[in-house]
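Before any comments, here is the structure.
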Amino acid sequence: MAFLCVKLLFRKNGSFSSQHIHDSAAMRERGIHCVMDQDRELRSKSRFAVKEKSS
């Protein structure tokens, strides 16, 4: 736990980088999205898919 806090405590403006897939340049280059985006994309393409409930 202490090693995880070193960057936050000793660096100016220290913060953790985002761990989301859509924020990773390497994943975007490979065409990999998060599961929510992939599901939404497949639902919009399939005529038999259940539509999302809009809120």
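Values below: every heavy atom of this structure, side chains too, minus hydrogens, waters and symmetry copies. Not measured: the values here are computed from a predicted model.
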Quiz item: Which residues satisfy the salt bridge (charged side-chain N to carboxylate O under 4.0 Å, His left out) test with D23, sequence neighbours excluded?
Solution: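 Checked D23 against salt bridge (charged side-chain N to carboxylate O under 4.0 Å, His left out); zero matches.
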Exercise answer: donor-acceptor pairs, residues 29-36 side-chain atoms, under 3.5 Å, sequence neighbours excluded:
unit_1	atom_1	unit_2	atom_2	d
H33	ND1	G31	O	3.2

Quiz item: Okay, side chain of S24, backbone of I21: is any donor-acceptor separation there less than 3.5 Å?
Solution: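 Between the backbone of I21 and the side chain of S24 there is no qualifying donor-acceptor contact (under 3.5 Å).
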Self-check item: Test side chain to side chain donor-acceptor pair (under 3.5 Å) applied to Q38 - qualifying residues, sequence neighbours left out
Solution: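 For Q38, no residue satisfies side chain to side chain donor-acceptor pair (under 3.5 Å) once neighbours in sequence are set aside.
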